[in-house]
**Q** 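Can you read through this structure? Questions will come right after.
To find a chain, count down the sequence lines: A is the first, B the second, and so on, and within it residues start at 1. Given the structure is predicted, the values throughout are model-derived calculations rather than measurements.
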There are 2 protein chains.
Amino acid sequence: MEQEHAANRENSLREDRDGSKPIVRKTLHSELLERLRQMIVDGDLTPGSKVPEKSLCDRFAVSRTPLREALKVLASEGLVILTPNRGAMVSDLTFDDLEEVFPIMGALEALSGEMACAHISDEEVAEIRALHHQMVAHFEARERFEYFIVNQKIHERILVAARNETLAKLYRGLSGRVKRARYLANMSIARWTEAVEEHELILKALEERDGSALARILKDHLARKFEIVKDGLTSGRN
Amino acid sequence: MEQEHAANRENSLREDRDGSKPIVRKTLHSELLERLRQMIVDGDLTPGSKVPEKSLCDRFAVSRTPLREALKVLASEGLVILTPNRGAMVSDLTFDDLEEVFPIMGALEALSGEMACAHISDEEVAEIRALHHQMVAHFEARERFEYFIVNQKIHERILVAARNETLAKLYRGLSGRVKRARYLANMSIARWTEAVEEHELILKALEERDGSALARILKDHLARKFEIVKDGLTSGRN
DNA sequence: ATATTGAATTATGAATTCAATTTCCCTGTC
DNA sequence: GACAGGGAAATTGAATTCATAATTCAATAT
């Protein structure tokens, strides 16, 4: 992630000059970082399980040096826990963690909504509207997974429209940490219907560029999602 | 930072078990991380300057391996920029960066205020009240630096009272990134007076546990600080 | 004098090596 | 049969080494 940041600066500088594309060579550790992060977020590495360096090295066919560099970064992002001399563990989401992360995401999402309203273009609104209709179609067909994906896309578009990369990065980081939990949120049809209705409001606020309204809606929207996830967790753990 | 997190868990686990103090052995890279971060935040390493690994290795008398691990983490925090094959640079705060970071800090500080009101104890309020009076005294004596320090402490206490370590960590991270810029905010006496008045409101909201009020006040408070910093930057750069 | 090329130097990326700690298994004892 | 002790094997922390890319600087051409 940090590498791309640097690379982008370099990018824009060179492109400004002559418009030719620079050759982007990634370092091993940055590629590892991406892949590992993806694996953790997608649940390919089970939470709570130990991750011996050796096995990862074998899997990716790299030496321990770049791998360890990547692990250090993942630890600083909270995706793994490093214990000195005892190695890495895929961090497990405790209930407390969720309770800490969700309010923050709520605040950030509200902010992103507000800023998006200030900056979003008509084209972007149109794209989100299209996605919205797609999503509604998936809802009517009761296609949970497809709904989930398009839903994510919409929120991602809003984030992009906020024109604040720092905000986007932070939000994505937090989002990655709770993503697994969100899959668990198996909404009832009643709640699902509500969620879709909320999305109607989201679209409306965006179209009207009503920042404070969108902020409020998004915050509530996420708070309710949290309630669902919470119930899912508490009922599932006993 | 990530090591301490792990270490803390380890800590609490062991203390729960037998009450004896655990032996905390830090890894080299985690110590390096701390020291480097401090140096950058404090401005000991000048922004924009290149940081050859060799010189840092010599300075701390360590090999490149743990140093490079620390650099990777600092890069992910945004404190340094890593460019493949070209080394590390202490990241310079651009005006755009500030403009991105401050709204986020505003949102997070507002959230921390709201949560603090829900959780803060009478003792903590009393401590903050004491700090507040200290701060007012420094204001009346026009002791800018001392005021600045106590001011920071107050905001830190609110952050702690919010009982959300994730939030605290995020906020501190962002705060570190703009800390140097904040020193620059050389307020006029008029603005300074206003700031102190705002702090009266902050204290009042805390005492009354009025979360939404505190959230609003803190957000505005920070927004104004941003205005000052912004002016300082724009006037200073031409 | 300035710009350009190419070799020498330096710095970085990554693998390997070495040292220290932990883990695991085996044995012996109670 | 449970448990403590000891030692081998495995795992991690950190230094060193090797390979490759970037930078510097002098020699040459323009």
**Q** Quick one: does any side-chain atom of B:N164 pair with a main-chain N or O of A:E100 as donor and acceptor, under 3.5 Å?
**A**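 Indeed, once roles are kept as given, a pair shorter than 3.5 Å links the two residues.
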**Q** Flag the pair B:E109 and B:K219 as a salt bridge only when some basic side-chain nitrogen lies within less than 4.0 angstrom of an acidic carboxylate oxygen.
**A**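 B:K219 and B:E109: not salt-bridged.
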**Q** Relative to the 5' end of DNA chain C, which residue comes earlier, B:A88 or A:A61, by the nucleotide with the nearest heavy atom?
**A**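 Nearest nucleotide further toward 5': that of B:A88.
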**Q** Mind checking what makes salt bridge (charged side-chain N to carboxylate O under 4.0 Å, His left out) contact with A:R163, not counting sequence neighbours?
**A**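 Here the qualifying residues are A:E124.
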**Q** Distances under 3.5 Å only, N/O to N/O: pair up the protein atoms with those of nucleotides 18-25 of chain D.
**A**
| from | atom 1 | to | atom 2 | distance (Å) |
| --- | --- | --- | --- | --- |
| D:dA22 | OP1 | A:R25 | NH2 | 2.7 |

**Q** In whole Å, what is the span from the CD atom of A:E53 to the C1' atom of C:dT16?
**A**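 The answer, rounded to whole Å, is 14 Å.
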**Q** Under the side chain to side chain contact (heavy atoms under 4.5 Å, CB included) rule, collect the residues that match up with B:D44, sequence neighbours excluded.
**A**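 So B:D44 forms a side chain to side chain contact (heavy atoms under 4.5 Å, CB included) with B:M39, B:D42.
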**Q** How close or far is atom P of C:dA15 from atom CG of A:D58, stated in whole angstroms?
**A**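 Interatomic distance, CG of A:D58 to P of C:dA15: 13 Å.
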**Q** Could you tell me the separation between the CG atom of A:L67 and the C1' atom of C:dA15, rounded to a whole number of Å?
**A**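 Spelled out: CG on A:L67 to C1' on C:dA15 is 13 Å.
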**Q** Quick one: list whatever passes side chain to side chain contact (heavy atoms under 4.5 Å, CB included) with A:R177, sequence neighbours left out.
**A**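 Partners of A:R177 under the side chain to side chain contact (heavy atoms under 4.5 Å, CB included) test: A:L79, A:V101, A:L174, B:T166.
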**Q** Identify each atom pair where a protein N or O and an N or O of nucleotides 5-10 of chain C are less than 3.5 Å apart, giving names and distance.
**A**
none

**Q** Atom CD of A:E31 to atom P of C:dA14: distance rounded to whole Å?
**A**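 Taking CD of A:E31 and P of C:dA14, I get 9 Å after rounding.
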**Q** With B:T46, which residues qualify under side chain to side chain donor-acceptor pair (under 3.5 Å), at least two apart?
**A**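 B:T46 satisfies side chain to side chain donor-acceptor pair (under 3.5 Å) with B:S49 once adjacent residues are dropped.
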**Q** According to side chain to side chain contact (heavy atoms under 4.5 Å, CB included), who are the partners of B:A168, at least two apart in sequence or on a separate chain?
**A**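 For B:A168 the side chain to side chain contact (heavy atoms under 4.5 Å, CB included) partners, ignoring immediate neighbours, are B:L159, B:E165, B:R172.
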**Q** Can you list the residues that meet the ring pair (Phe, Tyr, Trp, His ring centres under 6.0 Å) rule with A:H138, with sequence neighbours excluded?
**A**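 By the ring pair (Phe, Tyr, Trp, His ring centres under 6.0 Å) rule, A:H138 matches no residue at all.
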**Q** Within this structure, what is the CE-to-C1' distance between A:M89 and D:dT12, rounded to whole angstrom?
**A**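 Roughly 17 Å, once rounded to whole Å.
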**Q** Using OP1 and OP2 only, check whether a side-chain N or O of A:T65 sits under 4.0 Å from C:dA14.
**A**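 No, outside the criterion.
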**Q** Rounded to whole Å, please give me the gap between CG in A:L82 and P in D:dT11.
**A**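 Rounding to the nearest Å, CG of A:L82 and P of D:dT11 are 17 Å apart.
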**Q** Quick check: on DNA chain D, is the nucleotide nearest B:V62 upstream (toward 5') of the one nearest A:V51, or the reverse? Name the residue that is more 5'.
**A**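 Nearer the 5' end of the strand: A:V51.
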**Q** Rounding to a whole Å, what distance do you find between B:K26:NZ and C:dT21:P?
**A**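 Between P of C:dT21 and NZ of B:K26: 18 Å.
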**Q** Identify, with sequence neighbours excluded, every residue that meets side chain to side chain donor-acceptor pair (under 3.5 Å) alongside B:R64.
**A**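 Per chain and number, B:R64 pairs via side chain to side chain donor-acceptor pair (under 3.5 Å) with B:E53.
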**Q** Roughly how many Å is it from CZ in B:R68 to C1' in D:dA15, rounded to a whole number?
**A**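 Interatomic distance, CZ of B:R68 to C1' of D:dA15: 14 Å.
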